[in-house]
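These numbers come from the heavy atoms of this one structure, side chains and all, not from hydrogens, waters or symmetry mates. Please read these numbers as outputs of a predicted model, since none were measured by experiment.
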Amino acid sequence: MLRKFFPHPYLTLLLIVSWMLLVNGTKLGSLVMAIILGTVIPLLTAPYWPNRPRVRNAPAMVGYVLLVLYDIVKSNFIVARIVLFMPKDSIQPAWVTVPLDLQTPEAITVLAGTITMTPGTLTADMSSCGRSLLIHCLHAPDPPAVRDEIKERYEARLKRIFE
C-alpha cells in the first residue's frame with residue numbers, strides 16, 4: 001500500500017528536502033507544498049522508471065554525500081586561489097579520460113554529477129560505449145593523478161553504494 005503512494009521513497013525525501021532548501025524557510029505552507037511535490041512527481045514519473053535503482057548501502061550513501069559536500073567547500077577555496085593568485089601562464093588546464101568500472105547508469109550519473117558539482121572540474125562527455133568519462137580540469141599538472149583520485153575517492157564509494 002505504501003509503495004503505491006510512494007513508488008520512489010528516496011526521490012520523495014530528496015524532493016522534500018530540496019524544496020525546503022530552495023524556499024529557505026520553515027513555514028507550514030512550504031512544507032505542505034514540499035510534501036505535495038514529493039508525492040506527485042514520483043507518482044507521475046513512476047511509469048518511466050520501471051527498474052528503480054537499488055541503494056545497496058545507505059550509510060555509505062550518507063558518507064558519500066558528506067564527502068562530496070566537504071570536497072565542494074575545499075575546491076571552492078582551491079579554485080579561488082588559482083584564479084586570484086596563480087599567474088595565467090602557470091595554470092595547466094587538462095582533459096582527463098576516466099575509465100569506468102561502474103555498471104549501473106544511476107551510479108555513472110551520480111559520478112558525473114559529482115565531478116561537475118565540484119568546482120574546477122566538469123564532466124564534458126561520456127564515451128559512446130558508456131565505459132569512460134571525459135573530464136575537464138581547471139588546473140591539473142598531473143592528469144593521471146586526477147584520474148586516480150576520481151576513481152579512488154568517488155567511483156569506489158559509488159560502487160559500494162549501487163553495485
> With rounding to the nearest 0.5 angstrom, report the CE to CG distance, Met20 to Leu15.
13.5 Å
> Taking the side chain as C-beta and beyond, is there a heavy-atom pair between Val110 and Ile108 under 4.5 Å?
no
> Using the side chain to side chain contact (heavy atoms under 4.5 Å, CB included) rule, take Leu133 and Asp125 through it: C-alpha gap first, then chi angles, then the decisive distance, then the call.
CA-CA 6 Å; Leu133 295 176; Asp125 199 9; over 6 Å; no
> Would Met33 and Leu11 show up in the same hydrophobic cluster when neighbours are defined by side-chain heavy atoms closer than 4.5 Å?
yes
> Would you find a donor on one side and an acceptor on the other, under 3.5 Å apart, between the side chain of Thr121 and the backbone of Thr116?
no
> One pair to check against side chain to side chain contact (heavy atoms under 4.5 Å, CB included): Leu14 and Tyr10. What are the steps and the verdict?
CA-CA 6 Å; Leu14 178 67; Tyr10 290 123; over 6 Å; no
> Would Ile35 and Thr12 count as a side chain to side chain contact (heavy atoms under 4.5 Å, CB included) here? Give the steps.
CA-CA 8 Å; Ile35 292 170; Thr12 298; over 6 Å; no
> Can you tell me if Lys74 uses its side chain to pair, donor with acceptor, with the backbone of Leu69 under 3.5 Å?
no
> Would Val62 end up clustered with Val17 when hydrophobic side chains under 4.5 Å apart are linked, directly or stepwise?
no
> Can you name the nearest heavy-atom pair linking Asp101 to Glu163, along with the distance?
O-OE1, 4.1 Å
> Of the non-hydrogen atoms in Pro42 and Pro7, which two are nearest, and what is the gap between them?
O-CG, 3.6 Å
> Quick one: OG1 on Thr118 to CZ on Arg153, what's the gap to the nearest 0.5 Å?
9.5 Å
> Would you check if Ile115 and Leu122 make a side-chain contact, meaning some heavy-atom pair closer than 4.5 Å?
no
> Which heavy atom of Val146 sits nearest a heavy atom of Cys137, and at what distance?
CG1-SG, 3.7 Å
> Do you know the tightest heavy-atom contact between His136 and Pro93?
NE2-CB, 4.0 Å
> Could you tell me whether the side chain of Phe162 reaches within less than 4.5 Å of the side chain of Leu102, counting heavy atoms only?
no
> Is Ser127 reaching over with its side chain to a backbone N or O of Ser132, donor-acceptor style, under 3.5 angstrom?
yes
> Atom NE2 in His8, atom CD1 in Ile41: separation rounded to 0.5 Å?
12.0 Å
> Would you say Thr114 and Thr123 make side-chain contact, with heavy atoms under 4.5 Å?
no
> Kindly compute the distance separating CE (Met117) from CD1 (Ile72), expressed to the nearest 0.5 Å.
5.0 Å
> So if you build clusters from Ile, Leu, Val, Met, Phe, Trp, Tyr with side-chain heavy-atom gaps below 4.5 Å, do Trp19 and Ile36 land together?
no
> Got a second to check how far Leu21's CG is from Ser30's OG, nearest 0.5 Å?
11.5 Å
> Calculate, to the nearest 0.5 Å, the distance between atoms CZ and CE belonging to Arg56 and Met61 respectively.
13.0 Å
> Examine Leu138 and Ile78 and state if one hydrophobic cluster contains both, with Ile, Leu, Val, Met, Phe, Trp and Tyr joined whenever side-chain heavy atoms are less than 4.5 Å apart.
yes
> Given the rule that I, L, V, M, F, W and Y join up when any side-chain heavy atoms are under 4.5 Å apart, are Leu67 and Ile135 in one cluster?
yes
> Considering non-hydrogen atoms only, spot the tightest contact between Arg131 and Leu100 and give its length.
NH2-O, 2.6 Å
> Looking at every non-hydrogen atom in both residues, tell me the closest pair between Ser75 and Pro119 and how far apart they are.
CB-O, 3.5 Å
> Looking at Gln92, I'd like to know if its CD atom is crowded, meaning that more than 12 non-hydrogen atoms belonging to other residues, nucleotides or ligands lie closer than 6.0 Å.
yes
